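These notes are about the structure you will find just below.
What's counted below: heavy atoms across the whole structure, side chains too, no hydrogens, waters or symmetry copies. Naming convention: chains lettered A, B, ... in sequence-line order (proteins, then strands); numbering from 1 in each chain. Just so it is clear, the model here is predicted, and its values are computed rather than measured.
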There are 2 protein chains.
Amino acid sequence: MVTIDKFSRTPVYEQIADGFCREVLCGLMPEGAQMPSVRELSVLLATNPNTVQKAYLELDRRGVISSAPGVGSFIRTGAADAIRENMKSRMSEIAAIAKELALAGIPEEEALNCIRSAYRDSDQSKIKKE
Amino acid sequence: MVTIDKFSRTPVYEQIADGFCREVLCGLMPEGAQMPSVRELSVLLATNPNTVQKAYLELDRRGVISSAPGVGSFIRTGAADAIRENMKSRMSEIAAIAKELALAGIPEEEALNCIRSAYRDSDQSKIKKE
DNA sequence: TAACTGTACTAACCGCCATAGTACAGTTGC
DNA sequence: GCAACTGTACTATGGCGGTTAGTACAGTTA
């Protein structure tokens, strides 16, 4: 399930959107799967319907879901690809931080190992599921 | 000189603090060097004295400068080390993004190359200065 | 028709950032 | 001592974004 950290600096609506993106990538939300309704999810997450709606709007913008009044919101076909495409833009964030690290004289190997261990952790959790 | 991007999402006071950290790491602001006065810098950057003061407070919190009324603000001895120490916390940011990339199925090599090219760029600018 | 769905809108509140202005205390150099 | 600088503190204000609250409307489904 998607969880909310009330004390995080990242807005709740973004946490919700990111959470569902993660579920899509994990396969928990396959193409065509129905999202919980705006009102239902707002109860589950103990938040406001408007906040959930904002999250769904964001997911729509990212090409992850499509919604229809009276019907509901569903995972789009090709949602995972859309997420991957959005994800690539985050590489520039890594690059920006890496430049600062380089300037600070932190060894390149440390930064590289940081990436490697992150990928290793991710592989581990995949193995656990299999 | 430290520059301000008015349209950036990162607060001005943080841009100022980050800017001086960069200058310290570059050697432009050696230990013991005097910072411009709060009022002087506020004029140079076309911003408010309060904003500059907030930046100086942040730099003090980071262990980069120390201030005394009537005297001024100066780069602390060991400022560069303090900055490096603060910088290490940013590695967790890289790790968090890397985990997302891993989950999204973006190849590890792409992420690693992102780091490598960032370090290469940084080396280039060092060579230029030499 | 009833019960659901998404969607739109206004109003209000809060926190953070920035600006504006004023004031006080300490240091320095004349 | 005085003038000119330094950091520091304080209140007040405005803007922006995020969140909550409440209401309302339109479309779909059983």
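Rounded to a whole Å, the CE atom of A:M35 is 13 Å from the C1' atom of C:dG6. Atom C1' of nucleotide C:dT19 and atom CD1 of B:I4 are separated by 15 Å, given to the nearest angstrom. If you take CZ of B:F7 and C1' of C:dC17, they are 16 Å apart, rounded to a whole angstrom. Atom CZ in A:F74 sits about 9 Å away from atom P in C:dG6, given to the nearest Å.
A rotation axis mapping the C1' atoms of four pairs onto the next four is fitted at both ends of the helix from C:dT1-D:dA30 to C:dC30-D:dG1 over five pairs, and the angle between these axes is 10° to 10 degrees.
For the contact set between residues 49-68 of chain A and DNA chain C, defined by any heavy atom under 4.0 Å, the members are A:N50, A:Q53, A:S67, A:A68. Within residues 9-21 of chain A, no residue places a heavy atom under 4.0 Å from DNA chain C.
Annotation for A:T51 and A:V12: closest pair CG2-CG1, 3.8 Å, computed over non-hydrogen atoms. The minimum heavy-atom distance between B:R76 and B:I65, with the atom names listed, is NE-O, 3.3 Å.
Ionic pairing of A:R84 and A:D81 is present here: one or more N-O contacts between side-chain nitrogen and carboxylate oxygen are shorter than 4.0 angstrom. Comment: B:E14 does not engage B:R9 in a salt bridge, judged by the lack of any side-chain N to carboxylate O separation of less than 4.0 angstrom.
For A:E31, there are no salt bridge (Lys or Arg N to Asp or Glu O under 4.0 Å) partners, not counting sequence neighbours.
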**Message:** Output one letter per nucleotide in nucleotides 23-29 of chain C: B when a protein non-hydrogen atom lies under 4.0 Å from the base, S when only the sugar-phosphate is that close, - when neither is.
**Reply:** B--BS--

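For residues 43-54 of chain B, no residue pair satisfies the salt bridge (Lys or Arg N to Asp or Glu O under 4.0 Å) rule, not counting sequence neighbours.
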